[in-house]
Amino acid sequence: MLTTFIAVALLFVAPVRAAEVKAGPAHLIAPQAPTHALTSVAVTLECTARADGQIDSCKVLGETHPGLGFAEAAIALMEESTVAPGAADIQFARTIQFTP
């Protein structure tokens, strides 16, 4: 008898609604990882090689998988590198290939 009473009571209970979840600003949401495994990523940069051999002023010309942080990593790699000193500053482009 008690089991029947509980079963009937559960049928008349109002359904519980899930709490609404508000997403934060779009810039705070992490980029979605790709659903497939990345076999390689390429980032093409344009940089300036200074006469003293330092590399700076790098900017991204293109990347195969934007938004995953590879462009920032490529810039950091290039700007930590040096070249042989030359007579004048020159601009150059370089593609960096990231592989697993």
Side-chain angles (χ1 to χ4, degrees):
M1 179 80 164
L2 181 60
T3 308
T4 305
F5 177 74
I6 292 174
V8 170
L10 288 175
L11 289 174
F12 291 105
V13 173
V16 178
R17 293 184 181 226
E20 291 184 22
V21 178
K22 294 183 180 180
H27 67 280
L28 297 179
I29 298 174
Q32 293 293 321
T35 57
H36 61 283
L38 294 177
T39 56
S40 69
V41 175
V43 178
T44 302
L45 301 175
E46 180 181 73
C47 301
T48 301
R50 301 289 176 201
D52 65 359
Q54 297 297 314
I55 297 175
D56 64 12
S57 303
C58 292
K59 65 179 181 179
V60 177
L61 296 179
E63 57 184 309
T64 57
H65 295 82
L68 297 179
F70 289 100
E72 293 82 2
I75 290 172
L77 285 170
M78 285 305 298
E79 291 187 346
E80 291 175 3
S81 301
T82 57
V83 295
D89 295 351
I90 60 167
Q91 283 190 312
F92 66 96
R94 171 131 192 211
T95 299
I96 298 177
Q97 192 81 25
F98 293 92
T99 57

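Any value given below was found using the heavy atoms of this structure, including those in side chains, with hydrogens, waters and symmetry copies removed.
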Just to verify, what does [X] make a side-chain contact (heavy atoms from CB on, under 4.5 Å) with, not counting sequence neighbours?
{"X": "Thr39", "result": "none"}
{"X": "Leu61", "result": "Thr44, Glu46, Lys59, Ala93"}
{"X": "Ala42", "result": "Thr64, Thr95, Gln97"}
{"X": "Ser57", "result": "Thr48, Arg50"}

Problem set entry | For Asp52 against Gln54, the heavy-atom pair lying closest together | OD1-N, 3.0 Å

Seminar exercise, completed: Of all heavy-atom pairs linking Val60 and Ala71, the shortest is CG2-CB, 3.7 Å

For this session: Go through the steps to decide whether Val41 and Leu68 satisfy the test side-chain contact (heavy atoms from CB on, under 4.5 Å), and finish with yes or no.
Result: CA-CA 10 Å; Val41 175; Leu68 297 179; 5.8 Å; no

With disulfide bond (SG atoms under 2.5 Å apart) as the rule and sequence neighbours excluded, what pairs involving [range] come up?
{"range": "residues 59-100", "answer": "none"}
{"range": "residues 69-100", "answer": "none"}
{"range": "residues 71-100", "answer": "none"}

Exercise. To the nearest 0.5 Å, how far apart are CD1 in Ile96 and CD1 in Ile75?
Worked result: 9.0 Å

For this session: Sequence neighbours left out, what pairs pass salt bridge (charged side-chain N to carboxylate O under 4.0 Å, His left out) with at least one residue falling in residues 64-77?
Result: none

Exercise. Got a sec, which pairs hit salt bridge (charged side-chain N to carboxylate O under 4.0 Å, His left out) with one end in residues 90-100, sequence neighbours left out?
Worked result: none

Seminar exercise, completed: residues 80-100 vs ring-ring contact (aromatic ring centres under 6.0 Å, His included), sequence neighbours excluded, gives Phe70-Phe98

Seminar exercise, completed: Residue pairs passing the ring-ring contact (aromatic ring centres under 6.0 Å, His included) test with at least one member in residues 43-63, sequence neighbours excluded, are none

Which side-chain N or O atoms in residues 78-88 pair as donor and acceptor under 3.5 Å with protein atoms at least two apart or in another chain?
from, atom 1, to, atom 2, distance (Å)
Glu79, OE2, Cys58, N, 3.3
Ser81, OG, Leu77, O, 2.8

